[in-house]
Structures are given as C-alpha cells and as structure tokens.
Amino acid sequence: MGTSKHLPLDGIKVVAIEQAVAAPFCSARLADAGAQVLKIERPEGDFARGYDDVCSGQSSYFVWLNRGKGSLIVDLASLQGKQELADLLNGADVLVQNLKPGALDRLGFGPEKLRETYPRLIICSISGYGETGSLANRKAYDLLIQAESGLSSITGGPEAPARVGISVVDIATGATAYSAILEALLARAASGQGADIRVSMFDVMADWLTVPLLHQEAGKTPKRIGLAHPSIAPYGVFGTKDGKDILISIQSDREWAKFSAEFLKQPEKATDPRFSKNVARVANREATDKLVASVFASLNEEEAKALLSKADVAFASVNDMSALSAHPHLRRITVDTEAGPVSYPAPAPIFKGAERHYGAVPALGQRPRVDRIDVAPKSGRGHA
C-alpha cells in the first residue's frame, strides 16, 4: 500500500475474500489510497496466480492487481478458519468478497448477519448476475458476461462478434465496487452505519451498454463496424500513401467545415447536403469515407498529421503493445514481488504535490509488512 503521509484511506482496514480480477481490482485501489488490505486465500492461493507466467514466472494479472496487500491463508470451511475470519472482521472497516452467491451465508457470514454483528462494517459483494433470478447461481467470468450482455455483438468487425481485448467487464466491475465503497465510507462518516453493497458484473455491463441498447429499442440495431464509430462520421481509420494508419474523429459539423477547408481542400463539402450534418454523413458513410480516404491516400504520414493538426482535428496513431511500451506518455511504477521488481503502467490519477509509493505484491501467505489488522475487543469495533 502507499507509504506517503496522510493518504485518504489511512487507518481503514479491509478484508478481501477475493479471487480472479474484479474484486482484486477494487481492493488494489483501496490499498493504493492507503487502506490496509488483507487478502484471504485458500491453501492453493488465488487461481489468478496461475493465469500466466510472464512476470518472471508470475501472473501478470496477479502482479497488477495485488500490490500493497497482505496475504493470509485461511480454510474457511474449518472451525478455526471461521473463527479467524470472525476475529478479522471484528477489527475491519470493509469486507470485499466475490465468492459464489450464497457461499458466505453457508459459512455463517451472510451479509445480513454481518450487518447485525458489525453495524459499522461496509460489505461489498461482487457476483456475476446478482443474488436473485434464474442466472444467480451460474458461474460468471469476464468473457461470459461480454457474451451474455450483448457486448460481444457490437465488438469487432462485420464478420463475427469479438472479445474486447482486455477484461473490461471485470475491470469495470472492480471500479464500480471501488466507487461504491468510497460512497459508503463517506456516508458512514456522517451516519455511523456501514452498508451492504451488491454489485453484479451483468448490471455493470448493462449500465455501460445503455447507448447501444437505446438504439436497439428505437429500431436502429447497432452494427459491428470494426475500428469506427456507429453514430459519428468520419470517425475511423484511414491509410496514408506510405502505409501508415491514422484514426480521426470529427465530432461536430463545425469541425467538419474546418476539416473540409484545411485537410480535404474542398470547402464546398461543408455545405454539401450529403455531408454538411453528422446525421447525413452517417447515412452516407460509404461516400464520406471514400472522400476522406482519397485525400489520405495522396499524403504520407507526416503530411497528413501536419494538415490534421492545422485543421485542429483529433487523431491518433493505430498502435500495438510494442508502441505502448515505448510511448512517450506512458507513466510507470515499479513494485516489488517475490521474483523481483516489476515495472508496469501507473494508476491514472495524479495527485499533485502528494507523490505515492506502491507496496509489494505478496507471496502466498505473506502478511502485511505494516501493522496487522488488529482484533478489536469483543465489546466494540476497532476503527471509529
């Protein structure tokens, strides 16, 4: 966890019964903000430890999502393990868990019971489809929710649905859970009461899919069009004569007018009824793209970027991971692991004047290097 002074969540103690990606993403952000996070693992460890071996024999997922935490092996099926969890919760502020729905209840730690026993505890339960309904007991992983929610139907090119290239459902769910926990901490500061938060991966993705869903319900079924935008044109990739791909985005009719004059060198296209309005350009997408592509094909990369900049058009290179690795805007952090230091992208927020340092990734069963989550006296909670 961060070692800078006065981090926002200093003193907050988190128990994380977690595995895979969504819950670890959430608790890693809590650790970054200063919370003391203790990750509860089964004897064989979080199965995400074995997802790959690209970080000196360690999983890239685990190294990314578990910095700054401690690890504690607990057999929750045993009486000793249950007592150990109860003692931990007695001194905790937050419980994050993504076990199968009902699993905590069967262990004797259902959220309703926990709210009675630990009234200041904030409980965040992450599931695939929620805890009621026909799919509540179905296993759920990132790509499965991409498919079930319809996200894959609008991802990729016309030939077939595709997976988003990262675990977007898991990451979105973790970020949603993190923000909900922060809201609950703020509310508790005023009310003194904890919270019972339920976040499902399906709900998160349905929320994110509001725009294409509203298009569908308005009778305009979204189509897969690859690296382009379904409701804005021109917004896509065009090739230069030296074989470079550049993605451009024209967001308004005012931008189109300037683009027509400065880049296309055809100012009359700004008033042409086929192109003057975005709705018209989308309706005439083939003609719009053909017009723009013909000009790109007459320019090399340097010339095209110079004209785009002059026209104040938003554009980007179509890069790969090799280009990201060497990108001048890529900020990095380095975290310690049991196999040595690993460098990877820094968390996005920059707190000016408050440099942060990030804790190590724990080996299986490695307790925090800072004060442990203390067991509070039976007569009261540990953290005010």
Side-chain angles (χ1 to χ4, degrees), residues 1-41 46 48-49 55 58-72 88 92-98 122-124 126 166-168 170-186 188-189 195 197 199 204 329-338 341-363 366-373 383:
M1 72 185 61
T3 58
S4 300
K5 294 181 180 179
H6 308 302
L7 287 171
L9 298 185
D10 279 345
I12 296 297
K13 297 174 181 179
V14 179
V15 174
I17 308 174
E18 61 180 22
Q19 55 195 359
V21 175
F25 182 100
C26 169
S27 61
R29 267 45 188 182
L30 293 170
D32 288 348
Q36 183 181 332
V37 178
L38 187 59
K39 181 184 183 77
I40 305 300
E41 299 193 69
D46 180 347
R49 288 181 180 271
C55 295
Q58 302 169 106
S59 162
S60 57
Y61 289 86
F62 194 87
V63 168
W64 174 41
L65 296 173
N66 291 281
R67 59 176 179 261
K69 304 177 188 179
S71 169
L72 181 65
L88 289 169
D93 298 282
V94 178
L95 169 64
V96 179
Q97 68 93 10
N98 66 338
I122 294 166
I123 306 151
C124 184
I126 295 172
I166 58 173
S167 299
V168 64
D170 281 330
I171 294 167
T173 301
T176 300
Y178 174 54
S179 65
I181 290 169
L182 295 182
E183 289 184 32
L185 285 168
L186 288 171
R188 191 184 72 172
I197 302 167
V199 179
V204 170
H329 279 265
L330 177 63
R331 298 183 301 108
R332 290 179 177 268
I333 61 172
T334 299
V335 299
D336 291 330
T337 77
E338 59 181 324
V342 176
S343 171
Y344 55 69
I350 299 173
F351 295 88
K352 300 295 290 184
E355 182 181 357
R356 289 192 175 181
H357 303 278
Y358 297 89
V361 178
Q366 181 182 357
R367 295 295 293 263
R369 297 179 183 177
V370 296
D371 293 340
R372 64 186 175 86
I373 295 183
H383 181 75

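Below, all heavy atoms of this structure are taken into account, side chains as well, without hydrogens, waters or symmetry copies.
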Which heavy atom in [X] sits nearest to a heavy atom in [Y], and how many Å separate them?
{"X": "Pro24", "Y": "Asn66", "answer": "CB-OD1, 4.1 Å"}
{"X": "Ala16", "Y": "Val37", "answer": "CB-CG1, 4.2 Å"}
{"X": "Phe25", "Y": "Gly174", "answer": "CD2-C, 3.7 Å"}
{"X": "Ala31", "Y": "Gly68", "answer": "CB-O, 3.9 Å"}

Interatomic distance, [X] atom [atom1] to [Y] atom [atom2] [nearest 0.5 angstrom]:
{"X": "Ile197", "Y": "Ile123", "atom1": "CD1", "atom2": "CD1", "value": "9.0 Å"}
{"X": "Leu65", "Y": "Asp46", "atom1": "CG", "atom2": "CG", "value": "9.0 Å"}
{"X": "Ser71", "Y": "Leu38", "atom1": "OG", "atom2": "CG", "value": "7.5 Å"}
{"X": "Thr173", "Y": "Asn98", "atom1": "OG1", "atom2": "CG", "value": "10.0 Å"}
{"X": "Leu9", "Y": "Asp32", "atom1": "CG", "atom2": "CG", "value": "10.0 Å"}
{"X": "Leu7", "Y": "His357", "atom1": "CG", "atom2": "NE2", "value": "9.5 Å"}

Is there a side-chain contact between [X] and [Y] (heavy atoms, below 4.5 Å)?
{"X": "Val361", "Y": "Phe62", "result": "yes"}
{"X": "Val14", "Y": "Ile181", "result": "no"}
{"X": "Pro345", "Y": "Leu330", "result": "yes"}

In chain order, what residues pass the side-chain contact (heavy atoms from CB on, under 4.5 Å) check against [X], with sequence neighbours excluded?
{"X": "Ile17", "answer": "Val15, Ile40, Leu76, Leu85, Leu95, Gln97, Leu99, Leu104"}
{"X": "Ala346", "answer": "Arg331, Ile333"}
{"X": "Ser60", "answer": "Asp52, Val54, Cys55"}

Partners passing side chain to side chain donor-acceptor pair (under 3.5 Å) against Thr337 (at least two apart in sequence or in another chain) |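 For Thr337 the side chain to side chain donor-acceptor pair (under 3.5 Å) partners, ignoring immediate neighbours, are Gln58.
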Donor-acceptor contact present, side-chain Gln366 to main-chain Ala363, <3.5 Å =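 Yes, the answer is positive, given that a donor and an acceptor are paired below the 3.5 Å cut-off.
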Please determine if Arg356 forms a cation-pi arrangement with Phe351, meaning its NZ or CZ atom is less than 6.0 Å from the six-membered ring centre and no more than 45° off the ring axis.
->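 Yes, Arg356 lies over the aromatic ring of Phe351.
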Steps toward side-chain contact (heavy atoms from CB on, under 4.5 Å) verdict (Tyr344, Trp64) | CA-CA 8 Å; Tyr344 55 69; Trp64 174 41; 3.9 Å; yes
So does Arg188 pair up with Asp93, basic N to acidic O under 4.0 Å?
->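 Salt bridge present between Arg188 and Asp93.
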Apply side-chain contact (heavy atoms from CB on, under 4.5 Å) to Glu41 and Leu72, showing your working.
-> CA-CA 6 Å; Glu41 299 193 69; Leu72 181 65; over 6 Å; no
Run the numbers on Val94 and Val96 for side-chain contact (heavy atoms from CB on, under 4.5 Å), then give the verdict.
-> CA-CA 6 Å; Val94 178; Val96 179; 3.9 Å; yes
ring-ring contact (aromatic ring centres under 6.0 Å, His included) partners of Tyr61, counting only residues at least two apart =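 Listed in chain order: Tyr51.
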Tell me, which pairs form a side-chain hydrogen bond (donor to acceptor under 3.5 Å, both in side chains) where one or both residues lie in residues 18-30, sequence neighbours left out?
->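 side-chain hydrogen bond (donor to acceptor under 3.5 Å, both in side chains) check on residues 18-30 returns Glu18-Ser27, Glu18-Lys39, Glu18-Lys69, Gln19-Arg42, Ser27-Lys69.
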